[in-house]
Amino acid sequence: MAYSRKLFFLAVASLAIVQMAMAGDPDILTDFVLPTNLTNVDGTFFTFTGMRVLIGIPPPPTFKVLKASLAEFPALNGQSVSYAVLLYPAGSVNPVHTHPRSTELLFLAEGSLEVGFVDTTNKLFTQTLQAGDLFVFPKGLVHFQYNADAEVPAFAISAFGSANAGTVSLPNTLFNTSIDNNVLALSFKTDVATIQKLKEGLAPKN
């Protein structure tokens, strides 16, 4: 009886692991998915014009990202793809973050970037990218991009294998939420005053 129960739980656990490994955007049974308030569409529905604002603009004063994901582009629903354009002024950084639902494939169109990610054994993989290079950030792993050039901006395009890759910014998640200061101080082996300074620096500017 006990042995059979163990086998049952092992089978259930194995199935759960397989399902987690296969997790991603769900397959659809139609060519595309329309919002419930639409019954008839034309080519406009499949067109995203939100990147037009990039044409001819000067580099922004701080790091900027424009997204074409499910939230901005409903036609992506069920298509397992999305897109982002990343603008890096000289000396700027895209802070450490993760995409829990997708791999990221970055194409550097202009400038240079220092990039890297950390795997689950805490090994850091870094590279210096030049214009024309691609770099892959594996799904769910912590990563960053840094324009170390003090004078030249950089411009990159990222493709994602999900219509809704999600972004978890580690600085904001850790220090710009209501996690208790004592928990953070103990976790980072520091004091509450240091945690408070970090929180102040990341607080939204009015």
Pro89 and Leu87 have their tightest heavy-atom pair at CD-O, 3.5 Å
Residues Val136, Thr103; criterion side-chain contact (heavy atoms from CB on, under 4.5 Å); working and verdict | CA-CA 7 Å; Val136 63; Thr103 300; 3.4 Å; yes
Residues in side chain to side chain donor-acceptor pair (under 3.5 Å) with Asn122, at least two apart?
-> none
For the pair Gln196 and Asn181, evaluate side-chain contact (heavy atoms from CB on, under 4.5 Å) and give the outcome as yes or no after the intermediate values.
-> CA-CA 7 Å; Gln196 289 173 332; Asn181 288 345; 3.6 Å; yes
Answer yes or no: does atom NZ of Lys64 have more than 12 heavy-atom neighbours from other residues, nucleotides or ligands under 6.0 Å?
-> no
Within the distance-only criterion (no hydrogens, no angle test), does the side chain of Ser102 pair as donor or acceptor with the backbone N or O of Gly161 below 3.5 angstrom?
-> yes
Give the minimum heavy-atom separation between Leu76 and Ala68, together with the two atoms involved.
-> CD1-O, 3.2 Å
Does the Thr47 side chain pair with the main chain of Gly43, one donor and one acceptor, at a distance under 3.5 Å?
-> yes
Partners passing side chain to side chain donor-acceptor pair (under 3.5 Å) against Thr44 (at least two apart in sequence or in another chain) = Asp42
Same hydrophobic cluster for Val81 and Val33, using side-chain heavy-atom links shorter than 4.5 Å among ILVMFWY?
-> no
Tell me, do His143 and His99 make a side-chain contact under 4.5 Å, heavy atoms counted?
-> yes
Contact list for residues 52-78, test ring pair (Phe, Tyr, Trp, His ring centres under 6.0 Å), sequence neighbours left out | Phe48-Phe73, Phe63-Tyr88
Thr173 side chain vs Leu170 backbone, donor-acceptor pair below 3.5 Å | no
Check for a donor-acceptor pair, side chain of Asn147 on one end and backbone N or O of Val152 on the other, with a separation under 3.5 Å.
-> yes
List in chain and number order the residues that pass side chain to side chain donor-acceptor pair (under 3.5 Å) with Glu114, two or more places apart in sequence or in another chain; answer none if no residue qualifies.
-> Thr128
Validation row: Leu66, Val53 side chains within 4.5 angstrom (heavy atoms) = yes
Between atom OG1 of Thr194 and atom CG of Leu184, what is the distance when rounded to the nearest 0.5 Å?
-> 11.5 Å
Could I get the full list of side-chain contact (heavy atoms from CB on, under 4.5 Å) partners for Pro74, not counting sequence neighbours?
-> Pro35, Phe45
Stepwise side-chain contact (heavy atoms from CB on, under 4.5 Å) test for Leu113 and Tyr146 | CA-CA 6 Å; Leu113 284 178; Tyr146 171 48; over 6 Å; no
Is any side-chain heavy atom of Leu141 closer than 4.5 Å to a side-chain heavy atom of Asp119?
-> yes
Single-linkage hydrophobic cluster, 4.5 Å side-chain cutoff, Phe107 and Val65 together | no
Compare all side-chain heavy atoms of Phe137 with those of His97 and state whether any distance is below 4.5 angstrom.
-> no
Please tell me if the side chains of Leu54 and Val85 come closer than 4.5 Å, counting only heavy atoms from C-beta onward.
-> yes
Go through the steps to decide whether Ser158 and Leu86 satisfy the test side-chain contact (heavy atoms from CB on, under 4.5 Å), and finish with yes or no.
-> CA-CA 8 Å; Ser158 283; Leu86 305 105; 3.4 Å; yes
Assess whether atom CG of Leu38 is packed by more than 12 heavy atoms of other residues, nucleotides or ligands within 6.0 Å.
-> yes
Look at the side chain of Ser82 and the backbone N and O of Ser162, then say whether any donor-acceptor pair between them is shorter than 3.5 Å.
-> yes
Donor-acceptor contact below 3.5 Å, side chain Arg101 vs main chain Asp25 = no
Is there a side-chain contact between Val41 and Leu34 (heavy atoms, below 4.5 Å)?
-> yes
If you measure from CG on Leu134 to CG on Leu105, what distance do you get to the nearest 0.5 Å?
-> 5.0 Å
Between Ser112 and Ala154, what is the shortest heavy-atom contact and its length?
-> O-CB, 3.8 Å
Following the transitive rule for hydrophobic clusters with a side-chain heavy-atom cut-off under 4.5 Å over Ile, Leu, Val, Met, Phe, Trp and Tyr, establish whether Ile157 and Met51 coincide in one cluster.
-> yes
Once you round to the nearest 0.5 Å, how far does NZ of Lys197 lie from CZ of Phe175?
-> 14.0 Å
Pairwise side-chain contact, Lys199 with Asn176, heavy-atom cut-off 4.5 Å (strictly under) | no
Give a yes or no on this: more than 12 heavy atoms of other residues, nucleotides or ligands lie within 6.0 Å of atom CG of Asp27.
-> no
Over all heavy atoms of both residues, which pair between Pro153 and Pro59 is shortest? Give the atoms and the distance, please.
-> CG-CG, 3.7 Å
Minimal heavy-atom distance between Pro171 and Val96, with the atoms involved, is CD-O, 3.4 Å
Smallest heavy-atom separation, Phe160 atom then Ala165 atom, equals CD2-CB, 3.8 Å
About how many Å separate CD1 of Ile57 and CZ of Arg52, when rounded to the nearest 0.5 Å?
-> 15.0 Å
Going from CD1 on Ile195 to OG on Ser187, what distance comes out if it is rounded to the nearest 0.5 angstrom?
-> 8.0 Å
Classify the ring geometry between Phe32 and Phe46 as parallel (under 30°), tilted (30 to 60°) or perpendicular (over 60°).
-> perpendicular
Determine whether Leu186 and Phe188 fall in the same hydrophobic cluster, where Ile, Leu, Val, Met, Phe, Trp and Tyr are linked whenever their side-chain heavy atoms lie under 4.5 Å apart.
-> no
All side chain to side chain donor-acceptor pair (under 3.5 Å) counterparts of Asn77, not counting sequence neighbours | none
Is there a side-chain contact between Gln127 and Asp133 (heavy atoms, below 4.5 Å)?
-> no
